[in-house]
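Worksheet: one structure, shown below.
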Protein chains: 2
Amino acid sequence: MTTRDQILKLSDKLIRDKGFNGFSFHDISKTIGIKTASIHYHFPTKADLGVATVKGHLKSLEEIKKTIANKSPFQKLEAFFSIYVKVKSEKSVCLVGSLATDLNTVDGKVKVELKNLATAILELVTETLEDGKSKGVFHFQIPARTKALMIITNMLGIVQLMRLTGEQDFEAMKGSIVKELKSK
Amino acid sequence: MTTRDQILKLSDKLIRDKGFNGFSFHDISKTIGIKTASIHYHFPTKADLGVATVKGHLKSLEEIKKTIANKSPFQKLEAFFSIYVKVKSEKSVCLVGSLATDLNTVDGKVKVELKNLATAILELVTETLEDGKSKGVFHFQIPARTKALMIITNMLGIVQLMRLTGEQDFEAMKGSIVKELKSK
DNA sequence: GTCTATATTCCGATAGAC
DNA sequence: GTCTATCGGAATATAGAC
């Protein structure tokens, strides 16, 4: 893996673990064994690092989208859940939630890219729900966009809350989301 | 209002607006017209300020609990929503969500107090849902605790997301939560 | 209680050698 | 690309006068 990719991977983890204002170039420096000055060669400013990190997630999401294109609605939903299963296993939170709570302190360019990511996630889940409803396997009486927001906020919120209420709440919620979608 | 209360009120707003690591004593200093050194007289460390701020929310929640004790399940739920309606009007996020994403960077005492607050909120909503179900006005097929977590994460998450997806999503979600609770 | 002054540490960022 | 060295600023916190 290139140094640039090592930095990006660690940046992602640190943002989700400590928040954008809770980690420093020194954290990256000590972990991958490179001086802080060298990080600036790859990313001139911390905002540049933030933008690149969010863009990386957007690219990953596009990959997921391609992979599930011809899968069943349930499999599409599981692919979305898998993002948060990974987050849970790392005992951190998701990138969108972490940056959203720091929104008023980050550079405008990060904000723009984060809006792109949030929009892409919302589109993915909304389409998944519409697909499931048209095929008669998902049932809900509210707009697909709103139902998608409910499921997304369930996942985004539970990874934040479960460290305060109990880890078992994650599986309970994931299971209940599917159960409610299946019941007429 | 005492200086101490002024500091606490501003601390709450700043944590929710910029995150715990995104605001400084200087922000408080310049707003209420007091030197940063004076803030330390009231709160020796930033962690002390954090603990007191969370305890303030816990006290407010106890007040709400007393107020709604004999109200209908719908009114109880609206009282819970009202916390987030206020958050929305301030264009910020909720305290639990903001501190949860910074959890690994805050003092242990703040973490303990935040757990107490999250537990109290979960209890309030769970009891509200159980009350509504026993009275036949709310309908859901999953454990009350899980349903409560779903509604809490809906609110916690939508105030974080709506600044990225659109403000209209807040009302849509609030309305849909009630609609789904009412439908058999 | 609030002030001035200061200690200490940390952070993002840049210049220039290698 | 990575390094050493350093700048400038901001942060939390403390000491002591008023």
Side-chain angles (χ1 to χ4, degrees), chain A residues 1-56 98-99 101-111 113-114, chain B residues 1-54 98-99 101-111 113-114:
Chain A
M1 193 159 37
T2 65
T3 302
R4 186 191 147 91
D5 285 342
Q6 279 183 285
I7 296 169
L8 275 178
K9 190 175 176 180
L10 197 51
S11 164
D12 169 48
K13 206 143 197 250
L14 285 165
I15 292 173
R16 293 185 294 102
D17 198 52
K18 307 174 82 177
F20 192 77
N21 297 316
F23 85 97
S24 69
F25 279 36
H26 181 68
D27 293 326
I28 297 174
S29 166
K30 68 182 177 190
T31 302
I32 70 178
I34 191 177
K35 296 297 169 182
T36 60
S38 306
I39 301 171
H40 285 281
Y41 169 79
H42 300 279
F43 305 97
T45 70
K46 199 178 180 184
D48 292 324
L49 179 56
V51 168
T53 305
V54 179
K55 278 187 177 173
S98 179
L99 288 174
T101 60
D102 295 331
L103 200 65
N104 294 331
T105 71
V106 299
D107 188 279
K109 290 175 187 172
V110 177
K111 205 169 168 176
E113 220 52 54
L114 192 63
Chain B
M1 190 161 38
T2 65
T3 302
R4 186 191 146 91
D5 285 343
Q6 280 182 283
I7 296 169
L8 275 178
K9 190 175 176 180
L10 197 51
S11 163
D12 168 49
K13 207 146 197 247
L14 285 166
I15 292 172
R16 293 186 293 102
D17 198 51
K18 306 174 82 176
F20 193 76
N21 296 316
F23 86 97
S24 69
F25 280 36
H26 181 68
D27 292 326
I28 297 174
S29 166
K30 67 182 178 191
T31 302
I32 70 178
I34 191 178
K35 296 296 169 182
T36 59
S38 306
I39 301 171
H40 286 281
Y41 168 79
H42 300 279
F43 305 96
T45 69
K46 198 179 180 184
D48 292 323
L49 179 56
V51 168
T53 305
V54 178
S98 178
L99 289 174
T101 60
D102 295 330
L103 200 66
N104 294 332
T105 71
V106 300
D107 189 278
K109 290 173 186 172
V110 177
K111 204 169 167 176
E113 221 52 52
L114 193 63

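Chain letters run A, B, ... following the sequence lines, proteins first, then strands; residues in each count from 1. Below, all heavy atoms of this structure are taken into account, side chains as well, without hydrogens, waters or symmetry copies.
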Donor-acceptor pair, distance only, cut-off 3.5 Å: does the side chain of B/N104 make one with the backbone of A/D17? yes
Choose from C/dA13, C/dT2, C/dC3 the nucleotide whose nearest atom is closest to any side-chain atom of B/K35. C/dC3
Does a side-chain heavy-atom distance below 4.5 Å link A/L8 with A/D12? no
Closest to the A/H42 side chain: D/dA13, D/dT2, C/dG1? D/dT2
Whole-Å distance separating the CD1 atom of A/I39 from the P atom of C/dT14: 14 Å
Rounded off to whole Å, could you give me the NZ-to-C1' distance for the B/K46 and D/dT14 pair? 18 Å
Side chain of B/T36, backbone of B/F25: donor and acceptor closer than 3.5 Å? no
Does C/dT2 have its OP1 or OP2 closer than 4.0 Å to a side-chain nitrogen or oxygen of B/T3? yes
Distance, rounded to the nearest Å, where B/F20 contributes CZ and D/dT12 contributes C1': 11 Å
Length of the line joining A/I7:CD1 and D/dT2:C1', which is rounded to integer Å: 11 Å
Can you tell me the distance, in whole Å, between the CG atom of A/D107 and the C1' atom of C/dA13? 15 Å
Does NZ or CZ of A/K13 come closer than 6.0 Å to the centre of the six-membered ring of A/F23, within 45° of the ring's axis? no
For A/F43, report the nucleic acid contact type (base, sugar-phosphate, nothing); a contact means any heavy atom under 4.0 Å. nothing
Could you check A/T36 against B/Y41 and say which one's nearest nucleotide on DNA chain C is further toward the 5' end? B/Y41
So, does A/H40 get its side chain near the phosphate of D/dG1, meaning an N or O under 4.0 Å from OP1 or OP2? no
May I ask you to evaluate whether A/S24 reaches the phosphate of C/dC10, defined as a side-chain N or O under 4.0 Å from OP1 or OP2? no
Rounded distance in Å - CG (B/L14) to C1' (D/dA11): 15 Å
Taking atom P of D/dG9 as reference, at what distance in whole Å does atom NE2 of B/H26 sit? 14 Å
Expressed in angstrom and rounded to an integer, what is the separation of B/Q6 atom CD from C/dG1 atom P? 13 Å
In Å and rounded to the nearest 0.5 Å, what is the NZ to CD1 distance from B/K9 to B/I7? 14.0 Å
Would you please confirm or rule out a distance under 4.0 Å between OP1 or OP2 of C/dG1 and any side-chain N or O of B/S38? no
